[in-house]
Amino acid sequence: MLKRIAASCALVLVNAPVDAFEFSFKGMIKTEAVTSNQAVASYGSVYSQVAPTHALRTDIFGGAPATEQQTNFLESESTSFQAAQSRFSLNMKHEKIRGVLELDFIDGEDGFTNQTAIQAQEPRLRLATLYYDYSKNLTIFGGQKWTTAAGIKSSGSYNWIGNAFRAGNTGFLAMEVGATYKADNLSITGALTGKGRNATAGGINGNELGRMPGFAFDVNYKISGHTIGAAGHFANIKFEDEPNFTSGEDQDANLFKVYTMLNFGDVSFNAEYYTGEALNNQNALGVAPASRLSADGQVRDNFSESGFFSYVSWNISPEHNVKIGYASASVDDSDRDRLGLTELQKNSTAYINYGYKIMTGLTAFAQVTHFDTEYGVDNESFTAAVARAGVVFKF
């Protein structure tokens, strides 16, 4: 009986059409406990441990001087349990076409400010991209993906969604259509990229107005296991056709970066430096606030900034890994006098983590992160420490 079943299965596989679709389902379940010694924010200005990016001011609450009770709240310790950074993806392949659909569970509306699991955790689309392998050298792509100007995709942190963002790591998602050409060790990518401000940078407006989208590029070269590269984007943010516009002019949103990934067996070093303006208006995560219309319809000029991040990864053994990282970004000196009291002037983060491979697919981890955040025109600095520990199951 078993032989007949096996033979039937083999016959089905042999007779399967050559143009059949290939599907694979992948994912990562991440459960963790997070604790901080004072208020931290996940991109915004609300005490949140969902994806910490910086320390909050403890002397300002809701835009006004904090009362004693409000200061006590902002200086209080907190612990939460998190699972929202879990994610899954569906991957498809059919002849020369490849596709990926990836989601996580941080509600795009209030997931970064609401830590209650049932209220904050809803599916959020991360990737929805199609690739057409025109030849062995040329691939055409379109959809939502990591922006071509992202550079290094990870900062080595177990805070996947925070990931040194707003502190030197600018990579983000974007709607793009473009192509990648590879010749030996050289890779060149160019893309038309959609315009629009990140929701976490102050709200959505009509930045996508205008006939021309943005342009993004990446050029990298691999040699002896190492990678060096440059990437960037360019766009004009149009304000004059917005309904509430009264005065001002359109703003440029530009980014340029250089990066490297050096591999020395069990030790690797990764680093990236960037400079740009109006990053948060063009699918990037900068430290400076976005350019926008004021309440009376006047255009707020963009802010220039620069920063870097770096980390070292050491595979002590097949089961043990340690990563140490440091990242920092700041608004240019010439623009700091225009910042508000609760807007970031400079943000730095340092972290160390340890991962232990329990079994295939299952890793336990622990990480300690320190934030040093400077605000506004008064140069007030606030620090915070965040510890996290948990497990990741990859399948």
Side-chain angles (χ1 to χ4, degrees), residues 36-66 71 74-75 112-113 155 157 159 161-172 197-203 251 253-255 257 272-292 294 300-309 325-351 369-386:
S36 62
N37 67 341
Q38 72 128 65
V40 291
S42 300
Y43 297 96
S45 57
V46 177
Y47 197 157
S48 168
Q49 296 178 342
V50 174
T53 53
H54 57 280
L56 278 176
R57 290 194 74 142
T58 58
D59 60 344
I60 302 291
F61 187 87
T71 299
L74 293 171
E75 291 179 345
F112 289 102
T113 59
S155 67
S157 170
N159 179 17
I161 308 298
N163 214 30
F165 293 129
R166 304 205 74 188
N169 185 5
T170 67
F172 196 60
R197 184 194 304 165
N198 293 320
T200 52
Q251 301 294 307
N254 300 320
L255 168 67
K257 65 175 62 176
E272 180 175 296
Y273 170 83
Y274 80 89
T275 182
E277 54 188 341
L279 267 66
N280 283 300
N281 291 89
Q282 185 56 30
N283 304 310
L285 291 169
V287 66
S291 177
R292 58 181 180 266
S294 64
R300 187 184 194 188
D301 291 343
N302 61 29
F303 292 82
S304 296
E305 61 177 271
S306 60
F308 72 94
F309 77 85
Y326 181 77
S328 183
S330 62
V331 176
D332 287 3
D333 292 343
S334 59
D335 290 332
R336 292 183 178 183
D337 59 351
R338 297 189 291 115
L339 292 168
L341 286 174
T342 58
E343 292 176 327
L344 275 59
Q345 177 194 118
K346 182 179 180 179
N347 189 35
S348 302
T349 178
Y351 54 90
T369 304
H370 180 268
F371 294 108
D372 187 347
T373 309
E374 295 182 23
Y375 282 86
V377 297
D378 57 358
N379 302 315
E380 289 293 327
S381 179
F382 298 83
T383 61
V386 178

Give a yes or no on whether a salt bridge exists between D378 and R336, defined as a side-chain N under 4.0 angstrom from a carboxylate O.
no
L255 versus Y274: any side-chain heavy-atom pair under 4.5 Å?
yes
Exam field: side chain H54 to backbone G44, donor-acceptor pair closer than 3.5 Å
yes
Tell me whether the rings of F308 and Y326 are parallel (<30°), tilted (30 to 60°) or perpendicular (>60°).
tilted
Just wondering, do Y47 and S36 contact through their side chains at under 4.5 Å, heavy atoms?
yes
Mark yes or no for whether R300, through its side chain, and R338, through its backbone, hold a donor-acceptor pair below 3.5 Å.
yes
Could you check T373 against L344 for side chain to side chain contact (heavy atoms under 4.5 Å, CB included), going step by step and ending with a plain yes or no?
CA-CA 7 Å; T373 309; L344 275 59; 3.9 Å; yes
Distance in Å, S304 OG paired with L279 CG, rounded so as to fall on 0.5 Å steps
9.5 Å
Does one side chain, of Q251 or N281, offer a donor that lies under 3.5 Å from an acceptor on the other?
no
Any chance the side chains of N254 and E277 put a donor and an acceptor closer than 3.5 Å?
yes
Is a donor from one side chain sitting under 3.5 angstrom from an acceptor on the other, for S330 and E305?
no
Residues S306 and T275: side-chain donor-acceptor under 3.5 angstrom:
no
Under a plain distance cut-off of 3.5 Å, with no hydrogens placed, do D372 and S381 share a side-chain donor-acceptor pair?
yes
Side chain to side chain donor-acceptor pair (under 3.5 Å) against S328, all qualifying residues, sequence neighbours excluded
S348
Is it the case that the side chains of S157 and N163 hold a donor-acceptor pair, with the cut-off being a distance below 3.5 Å and no angle test?
no
Is a side-chain N or O of Y351 found less than 3.5 angstrom from the main chain of F371, in a donor-acceptor match?
no
Would you call E343 and R292 a salt bridge, using N to O less than 4.0 angstrom?
yes
